[in-house]
Amino acid sequence: MVSAVELAEPARQEPGSLLLHFAAAGAYGPDGKELLVLERGEGPYVFDVHGRRYVDGLSSLFCCQLGYGYGKEMAAVASAQLERLCFNTNWGTAHPPALELAERLTGLAPEGIAKAFFTNGGSESVEAAWKIVRQYHVANGEPGRTKAIARKIAYHGVTLGALSFTGIPRIKDQFGPPAVPTRHVANTNAYRSELQGEELTRSLLDELELAIQEEGPETVAMVIAEPIQNAGGCFVPPPGYWSGLREICDRHGILLVADEVISGCGRLGAWFGVERYGGRPDLITLAKGITSAYAPMGAVLVADRVAELLHRANAPLRHGITFGGHPVSASIALRNVEIFERDGVLENVRRLEPYLRRRLEEEVLPLPIVGDVRGDGFFYAAELVSDAGAGRFEPADAAHLVSSVLPPKLLEVGLIARADDRGDPVLQIAPPLIADEAVLDEIVVKMRDALLLASDEIAAR
Ligand SMILES: Cc1ncc(COP(=O)(O)O)c(C=O)c1O
């Protein structure tokens, strides 16, 4: 057998035959960036092929809620399932893990949510949600509801349907007109707004109402939003925003979708982040943390009133995905729920959330390069500014900062975090939900150190 080191060794400098996602392969190599090749995890830590240790302050792109220490337990679950039944679809048949998981998740979900449709990831969940929304309106005698409303800079996935809702021009423009006509309205960026609190809420909801009126209320099928918008840097909703979305959607017969691919599964200290903000969505999309990434999986949770109408109209769901609800993934997702309960994972987030916020305010917020620190739960962003105030970096400087300056500094201090410039530049963290005070401290201090190193480099240019 080829060892992990032998396999990874040629990729140490360059990706070789591997086409990296959202990366320019040519940027890596002897004269370019170092390619991080991770081979092992332990608790909240990961180790590269050279044995260097990093604290995973991002839960591997918001997925590894439990960190890396549950491999044996999850492997036993997977192995037992593989021996019992390696696979069966959810296409007009079922298997016990999918049935049981659907019960568990809908039992945990906000009131009114009664059904679960399984997928393999976030983009698939978002597209499945859209198709369920469309089928609902058709069954309801309103086939003219063909449009969606999403928010600017939001990321809802990359497959062509989901990409329609994504509000980041540079990752969609070259792929032609959107599959779903989508209008993008303002997100909940309070830092860059003159308005705050309820005034901000009013203005955002007024803008949404106007967009619906301009599109024609009878043509709008869905409003989709994340409880906290990730892209742009953890935009927390202002007070009353989610109940306002509900009221507007109800008034116009529009379905409300909470995209909880990141904010769900404990990231905000609850199974569903939207509950924290008083949201009552009709559909909820999940992925990433649903298995804590011990296997790939996603889900769409659907309100009873939506599923019931399809049932009454005798409208079979015209959507299916071969591997959606795979028994191994479903078994692991079930064990993930059990571990959350057994090991008090949500309680840990709720208990330590104030500590994380305080430490960020003490160590990161005072840095001249940081204008704002925002987030909730174990999900935070520091917005980076050019002038110790709220000054914006020029777009080219922001791109340089997040793609060339910060990544090597993060590796140098031994922290996995996300430098991102889909909106204004931010450095984001999303610690594993099992992190204790010491791990959170380590993440915050390393975040500070990386930002200090980056500031020095910028100042020296
Ligand atoms: C809010 C949200 N929706 C959808 C997606 C797409 O998920 P995936 O990458 O699993 O397709 C993502 C991915 O980061 C996301 O953050």
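Note that these values count all heavy atoms, side chains included, but never hydrogens, waters or copies made by symmetry. Counting convention: from 1, in listed order, for ligands and their atoms alike.
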Close-contact set for ligand 1 against K288 heavy atoms, below 4.0 Å: 13 (C), 14 (O)

Ligand-side contact atoms (ligand 1) for residue partner D259, heavy atom cut-off under 4.0 Å: 1 (C), 2 (C), 3 (N), 4 (C)

Sub-3.5 Å N/O-N/O distance, [X] and ligand 1:
{"X": "G122", "result": "yes"}
{"X": "N230", "result": "no"}
{"X": "S123", "result": "yes"}
{"X": "E226", "result": "no"}

Test: K288 cationic atom under 6.0 Å from F62 six-membered ring centre, within 45° of axis: no

Donor-acceptor pair between Q229 and N189 side chains, under 3.5 angstrom: no

Shortest protein heavy-atom distance from atom 16 (O) of ligand 1, along with the residue and atom involved: I262 CD1, 3.2 Å

Proximity of Y155 to ligand 1 by residue part, where a heavy atom lies under 4.0 Å: both

Residues V349, L352; criterion side-chain contact (heavy atoms from CB on, under 4.5 Å); working and verdict: CA-CA 5 Å; V349 176; L352 292 181; over 6 Å; no

Single hit among L208, T201, D206, L200 for side chain to side chain contact (heavy atoms under 4.5 Å, CB included) with L204: L200

Ion pair check, R350 and E353, cut-off under 4.0 Å: no

Sub-6.0 Å ring centroid separation between H319 and F117: yes

